[in-house]
2 protein chains.
Amino acid sequence: MYPELDTPALLIDLGAVRANVAEMAKVAATHGVALRPHVKTHKMPELALMQIEAGARGITCAKLGEAEIMADAGIDDILLAFPIWGEPKVRRLEALRERATVRVSLDSPEVAAGLGRLGLRTGSPVEVLVEVDTGQHRLGRPPGRPTADLVAEIAAIPGVEVVGLLTLAGHAYHARTPAELAEVSRREGADLVATAELCARDGIELREISVGSTPTARHVAGVAGVTEIRPGTYIFNDTAMIRLGVATERSAASRVLATVIARPSPDRVVLDAGTKCLTSDNAGSPGWIRAAGIPWLRMDFLNEEHAVARLDPEHAHDGELPVGTRVQLIPGHACTVTNLFDVACGVEDGRVVTELRVAARGAVR
Amino acid sequence: MYPELDTPALLIDLGAVRANVAEMAKVAATHGVALRPHVKTHKMPELALMQIEAGARGITCAKLGEAEIMADAGIDDILLAFPIWGEPKVRRLEALRERATVRVSLDSPEVAAGLGRLGLRTGSPVEVLVEVDTGQHRLGRPPGRPTADLVAEIAAIPGVEVVGLLTLAGHAYHARTPAELAEVSRREGADLVATAELCARDGIELREISVGSTPTARHVAGVAGVTEIRPGTYIFNDTAMIRLGVATERSAASRVLATVIARPSPDRVVLDAGTKCLTSDNAGSPGWIRAAGIPWLRMDFLNEEHAVARLDPEHAHDGELPVGTRVQLIPGHACTVTNLFDVACGVEDGRVVTELRVAARGAVR
């Protein structure tokens, strides 16, 4: 398996990537909503350009550093889904706006005031989306009156233009059943649409309702009034997406190629990839890391450079997976895994066909 | 707080680092054991050289890539505490041995056979330490007869020389009381010493008993027969070490400087550092991430780029920690946090005094 590579290595299955990109583009097209994929998952300009070529309206970034690298590659429609605060970042935002259309999401008058000063100084209002708390309890106020009041307060700040509402139903990742996932998704969209109607009655017309994650995108795209979906993980998928029923082992495009480096007992297999390749995200939930095609190998725990797994009893003998065997591990969370590697290997039909630089790796600011 | 830096940023308190380095050197000197710090924690040649200057015999690395970077900086005594398997890595080990004294730990005849071929080809046996499972159930066989038999089997392989035993009592990280930690540590050393005596009765004299992690080092250094301790985390420490009673907030030298970017409700504080700065290691255990000097701010959860924390009721009002406030977050696991940053900021007395490149960041192979 990939004899040309030493391990551990990050593999990206380009066939699966193309299929995932095409499928989500079709979801958006079918429902008549814009697609604005979050590039935090791959951090690679080549893949962002592939998403745009497949029909995405633009991209979503979490950090200015990601956005700058994507703009370097010619991407000119960017949503910064993160409150931009402080003079150094506002100055970078100013430079970024000279080469791309940029919107920013936020949830406070304090952040809006800083952006407003930029809008006034440049004679071009900063377009913002107000983030709404649809249940994750991260950023934003609850839907309805609390958000409508916040929108009014921010809309009154000179130099900013509130163009819409935005949410991330992050609690959808904890849905226990498909029905629960569908319900959380539907509510994610409906709550924002209802809040925008309230804003309209207050005299503020909002033209953008931006929602959706990979788990919720396929459901929420169909909610009337939604204008934009922002899934990210779908391009690679991971075991969390498999567990939620929105991906399969086949559509899990990002894998860590690892080698068995020890077989200390008949049932124990130790691989050369730990949390510095796979992270601790979702650690401990059953099957949070899968060995592709080897369901009888169950991850037990990770240390920094070791993965310790157990063979099911019927496979627990020394002849199974001897030292030197190669295994493809499907991560528990694709987005943070990409961020550990400087370079990934683009593979197709069992061969390495290209090297992909994780250009925005470590772009923390 | 550090107005010259934008956030998030990784701070390394150099005063705390020097004190931590000196204290562990003293532990080793007092007990007459060698100190071989694990550099996985910092991945910085400057700090490895500081450890050696303070009296360390050499260093421990997990990966060849780390060892190569440390050798580039002139470090010439390296333990690779990881089974080195496969021709590409054996060839790199061959090159590394031309510029440094290198030992390798392992737990199988298969890995030893590969190293033995290198030893024969170069006319210089590869010195190996056999890893023992003292309770973590990662690598190695149990102490006593199972390990003694493995030592005999490996010692019979031409081209390798078994120089000692090695263990990591990783289960010590889960100790619930100081007494339990002391007992695990004592047993870590005693089990290896007893096993070496068994090997001696089998006719194989071992000269190295290499043990210890940051939690166990201070206890196990005093066990008669131990020759070497290998703590890593002690140079930076983290909340796991504070919880175990082997560090304090003051000796926690590595911090992520973050900014409050949202105050969506009186009790909720959102900071601009998530798992891409702090990892998910130890996530969810109480106080797994601390805000230095702000005990009433309690971490709730991390997303990729957000930290969501709660203020205790008596501090839960809008005037507390407003948007723009800077906070120093003490990580749950220092070693994996360093590995997320390309550059850290060396600070002293509240000022940035140097830039530290994380030279071996991402050295996964």
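Proteins come first, then strands; the chains are lettered A, B, ... in the order of their sequence lines, and each starts at number 1.
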Check your understanding: Between A283(B) and chain A, which part of the residue has a heavy atom less than 4.5 Å away: side chain, backbone, both or neither?
Key ->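 Neither part.
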Review point. Does a side-chain heavy-atom distance below 4.5 Å link N303(A) with Q136(B)?
Key: yes
Check your understanding: T279(A), T275(A), I261(A), T336(A): which one forms the most heavy-atom pairs within less than 4.5 Å of chain B?
Key -> I261(A)
Review point. What residue, out of E131(A), E87(A), K63(A), has the most heavy-atom pairs lying under 4.5 Å from chain B?
Key: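 Looking at each option in turn, the highest pair count goes to K63(A).
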Exercise for review: Quick one: list whatever passes salt bridge (Lys or Arg N to Asp or Glu O under 4.0 Å) with R298(A), sequence neighbours left out.
Suggested key: D312(A)
Practice item. Could you list the residues that satisfy salt bridge (Lys or Arg N to Asp or Glu O under 4.0 Å) with R365(B), not counting sequence neighbours? Key: none
Study note, to complete from the structure: With chain A, the option among A62(B), G324(B), S108(B) that has the most non-hydrogen atom pairs under 4.5 Å is G324(B)
**Study point:** Ring-ring centroid check F82(B) H306(A), cutoff 6.0 Å
**Key:**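 Judged by ring-centre distance (under 6.0 Å), F82(B) and H306(A) do meet the cut-off.
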**Study point:** Atom pair CD/CZ of E305(A) and R138(B) - distance to nearest 0.5 Å
**Key:** 9.5 Å
Review point. Is a salt bridge present between D342(B) and R361(A), judged by a nitrogen-to-oxygen distance below 4.0 Å?
Key: yes
Check your understanding: So, D133(A) and R268(B), do they make that salt bridge, N to O below 4.0 Å?
Key ->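 Yes, this pair counts.
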Check your understanding: Is the backbone of A363(A) close enough, under 3.5 Å, to the side chain of K276(B) for a donor and an acceptor to pair up by distance?
Key ->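 Judged by distance alone, no pair lies under 3.5 Å.
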Check your understanding: Would you find a donor on one side and an acceptor on the other, under 3.5 Å apart, between the side chain of K89(B) and the backbone of T7(A)?
Key -> yes
Check your understanding: What part of D107(A) lies closer than 4.5 angstrom to a heavy atom of chain B: side chain, backbone, both or neither?
Key ->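 Interface part for D107(A): side chain.
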